[in-house]
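Here is how names work: the chains are called A, B, and so on, in the same order as the sequence lines, proteins then strands, and each is numbered from 1.
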Number of protein chains: 2
Amino acid sequence: MVASEVRALFAVASRPEIVSLAGGMPNVSALPMDEIGEIVRRVLAERGAMALQYGSAQGDPVLREQICDVMSLEGIKASADDVIVTVGSQQALDLVTRVFVDPGDVVLAEAPTYVTAINTFAAFQADIVHVPMDEDGVLPEALEERLDSLAAAGRRVKFFYTVPNFQNPAGVTMNARRRGQVLEICRRHNLLVLEDNPYGLLRYEGEPMRALRADAPDNVIYLGSFSKTLSPGFRIGWALAPSSVRAKLVLAAESAMLSHSSFNQMVVGQYLASHPWREQVKDFNEMYRERRDAMLGALEAMMPASSTWTRPEGGFFVWATLPEGLDAKAMLPRAVSQRVAYVPGTGFFATDDGHRNMRLSFCYPTPEQIREGVRRLVGVIEAEIKLRDTFGSASTPSSRGGDAPGPDLP
Amino acid sequence: MVASEVRALFAVASRPEIVSLAGGMPNVSALPMDEIGEIVRRVLAERGAMALQYGSAQGDPVLREQICDVMSLEGIKASADDVIVTVGSQQALDLVTRVFVDPGDVVLAEAPTYVTAINTFAAFQADIVHVPMDEDGVLPEALEERLDSLAAAGRRVKFFYTVPNFQNPAGVTMNARRRGQVLEICRRHNLLVLEDNPYGLLRYEGEPMRALRADAPDNVIYLGSFSKTLSPGFRIGWALAPSSVRAKLVLAAESAMLSHSSFNQMVVGQYLASHPWREQVKDFNEMYRERRDAMLGALEAMMPASSTWTRPEGGFFVWATLPEGLDAKAMLPRAVSQRVAYVPGTGFFATDDGHRNMRLSFCYPTPEQIREGVRRLVGVIEAEIKLRDTFGSASTPSSRGGDAPGPDLP
């Protein structure tokens, strides 16, 4: 399947009869719409002329202060001067890539990694070199080995891109020891870290982790977002950058959009100021915990032996590995015909990997839908196993990866 | 003065005691805030879960249809399939440049041209080649001559960028005959036209012009915006592109921001559907006409002989040329100390031109403020003329242009 076919399949997958374990959409219907309506009304009534006017390319200074408060929950001490408000953290990812990457430069990224990051790095003609992970995050020795061999080959490496918490797609969190090791290696190799942390506050068990940025303010660009803790509809994300980089990012933002929406920034600022948003995040976490538990429980109860999956402590995603001889991408049309959808693993690699993998998301469907979705999925997998046992393989292996299925939309 | 000094000066220029003829901010306080509040409330109450969710990278299909209706006012027949909603038309300009321009490519632009377009083209390492204008727009013979000599030099030209209506900064409109000639020349040279039209509907006299796109659908990318006809605070602009280009722009938009704000798109869509927006534009035009007349009247009454200026039929800007021997950029600090600000002409050229020019905007200050601003400005100019007559020149000429004063913000 090429990218257009995957897109067509996703269009089908958005039909109501299909349980989609594919999308990365937060469940915004849990938000108090009336209160948000009242917040918006207040912004327009009290500060409408400012909200409907151009703003600065760097973003609303009030909101930038509030963003520093949000980041302090993960150990970050920062000045609002070093924050740039962006159109989701995706725009921040794009601007950082634009500022740093020349064609042929190397970008290091976990294996697997966020699909739209692959697209963005590729759009600026970076060579993406993957670093393997296990259940505790990226492997420091593999990172070091990659850096050594790239240096030996005379390659220019621009940054190491990581989603340290509840990674998209792997659901894995980098543990504290690894964080220290990664920072030490990157400092020694004079390599910038690009820390993408949209899910950090969505933790359903265990203790919050310190952000990488908290322990290396001069060597990390941190990306954050309100898309998962509030709503993606306002498109408010941010970058926190070392002062030496910040001015370049502001100029890039100016070229990219002149300024972000003053209206949206003031609405989110008013929400943070007047709504108990930490309680809202706690409510989200209870809802998502129940969904995660529904998925892990269903997988545990139904998945055939020799399949494995990760057990995320937060975020939206479980990463499953099918039994030998199965191909998640080749299997997808049959899954959709059985009314369940997922994202095949191949899209999360710049290389020809991930054929046995799939990303299963538990953020959007209800617990009952999740259980029914896993039941249908397991039926498909079992039919594939039978085919494999009869014919030696379930299907012609799918073509090589990299033809990413587009962004994390339904 | 370098760019940072100009920025510092603009910070001073935003003080209340200063009449700023510098900014390009629309007068949004003329909007019916209560009605907009009610529109937003309805969107959240009736379609909140959709408004607060991710959307598509190309933009809301309903809004894209409505955008086609808006464009039909200037003779454009288009399909919503070929419209991409962007973060202001600035993002569309950025995406088009990103898709088309490789380092060293040539981009043709009017002389003078929109300052942030210069910044964007320069950010992608384009060589900007100017084409002169007169009071009827760009000179077709000069465009042809440039294309011939660039072809002879083996240079690759990517597009001709034009603001055909009430140009920023020159206030000039390309007449109908010139439009035909420009399209004919570009077709013959197989050159794409990038038509940037944020002000087209803000006409205070004369008849509406047909968009260039209306007569060359396969050869023009058209950029539009609601920033001036509604509000810049929602950041809703768009590109209308030939089908062959559109898919590339959508992919670039996906990399740049994943998707624009569903919320903002639905609010603007609801405004267009339920508010008499054509009447609102008429109201804006009456307000802005009065301001333009105040500026032209004051210039006529007070400006010293041997200075000249353009007479725009719409839009926000008058382009003035100072008497020989004066330098608008060098004069700016003295103007600000006399409590009036403008944008020096040098920023609107990629070359060392525009020293005798200034952009005077009449969109934001009231008619009384405009008259007072021109009175102060004329006082400064007359003092400069005295200096020139005594010492041979008013001041050391300012350094070369290109150090753009940032975007058109106050």
Side-chain angles (χ1 to χ4, degrees), chain A residues 23-26 28-29 31 33-34 36-38 40-41 44-45 48-57 86-88 90-91 93-95 97-98 116 119-120 122-124 227 230-236 251-252 254-264 266-267 406-410, chain B residues 23-26 28-29 31 33-34 36-38 40-41 44-45 48-57 86-88 90-91 93-95 97-98 116 119-120 122-124 227 230-236 251-252 254-264 266-267 406-410:
Chain A
M25 302 192 308
V28 292
S29 59
L31 284 167
M33 292 294 168
D34 287 355
I36 291 175
E38 173 56 23
V40 174
R41 194 200 59 74
L44 281 170
M50 192 178 162
L52 297 183
Q53 193 51 273
Y54 287 108
S56 86
T86 54
V87 181
Q90 179 61 34
Q91 189 186 40
L93 185 62
D94 188 80
L95 296 177
T97 308
R98 175 172 175 156
T116 313
N119 294 348
T120 299
F124 287 93
S227 289
L230 170 55
S231 152
F234 300 120
R235 309 304 296 121
I236 303 285
L251 280 178
E254 197 169 283
S255 174
M257 61 169 174
L258 221 47
S259 64
H260 199 338
S261 166
S262 305
F263 179 59
N264 295 18
M266 287 167 71
V267 166
D408 279 343
L409 304 177
Chain B
M25 302 192 306
V28 292
S29 61
L31 284 167
M33 292 295 169
D34 287 355
I36 292 177
E38 173 56 23
V40 174
R41 195 201 58 74
L44 281 171
M50 193 178 161
L52 297 183
Q53 193 51 271
Y54 286 109
S56 86
T86 54
V87 181
Q90 179 61 35
Q91 189 185 40
L93 184 63
D94 188 80
L95 296 177
T97 307
R98 175 170 173 158
T116 312
N119 293 350
T120 299
F124 288 94
S227 290
L230 170 55
S231 152
F234 300 120
R235 308 306 295 120
I236 303 285
L251 280 177
E254 197 169 283
S255 173
M257 62 169 174
L258 222 47
S259 64
H260 200 338
S261 166
S262 304
F263 180 59
N264 295 20
M266 288 167 71
V267 166
D408 279 343
L409 303 177

Would you please classify the geometry between the B/F234 ring and the A/F263 ring as parallel, tilted or perpendicular, with 30° and 60° separating the classes?
perpendicular
Counting N and O atoms only, with roles assigned by atom type, does the side chain of A/S262 sit under 3.5 Å from a partner on the main chain of B/G233, one being a donor and the other an acceptor?
no
Within a reach of under 6.0 Å around CE of A/M33, are more than 12 heavy atoms found that belong to other residues, nucleotides or ligands?
yes
Max heavy-atom pair count under 4.5 Å with chain B, selected residue of A/G48, A/A252, A/A256:
A/A256
Rounded to the nearest 0.5 Å, what separates atom CG in A/N264 from atom CG in B/N264?
4.0 Å
Nearest 0.5 Å, please: how far is OG in B/S227 from CD in A/Q53?
9.5 Å
Side chain / backbone / both / neither for A/L31 at chain B, heavy atoms under 4.5 Å:
side chain
Run the salt-bridge test on A/R98 and B/D94 with the 4.0 Å N-O cut-off and return the result as yes or no.
yes
Could you check whether any side-chain heavy atom of A/R41 comes within less than 4.5 Å of a side-chain heavy atom of B/R41, counting everything from C-beta outward?
no
Can you tell me if B/S231 uses its side chain to pair, donor with acceptor, with the backbone of A/L52 under 3.5 Å?
yes
Could you tell me whether the side chain of B/R235 and the main chain of A/S259 form a donor-acceptor pair under 3.5 Å?
yes
For B/S255, which of A/N119, A/T120, A/T97 qualifies under side-chain hydrogen bond (donor to acceptor under 3.5 Å, both in side chains)?
A/T120
Side chain, backbone, both or neither: which part of A/A45 has a non-hydrogen atom closer than 4.5 Å to chain B?
neither
Pairwise distance CE(B/M257) to CD(A/Q90) - rounded to 0.5 angstrom:
10.0 Å
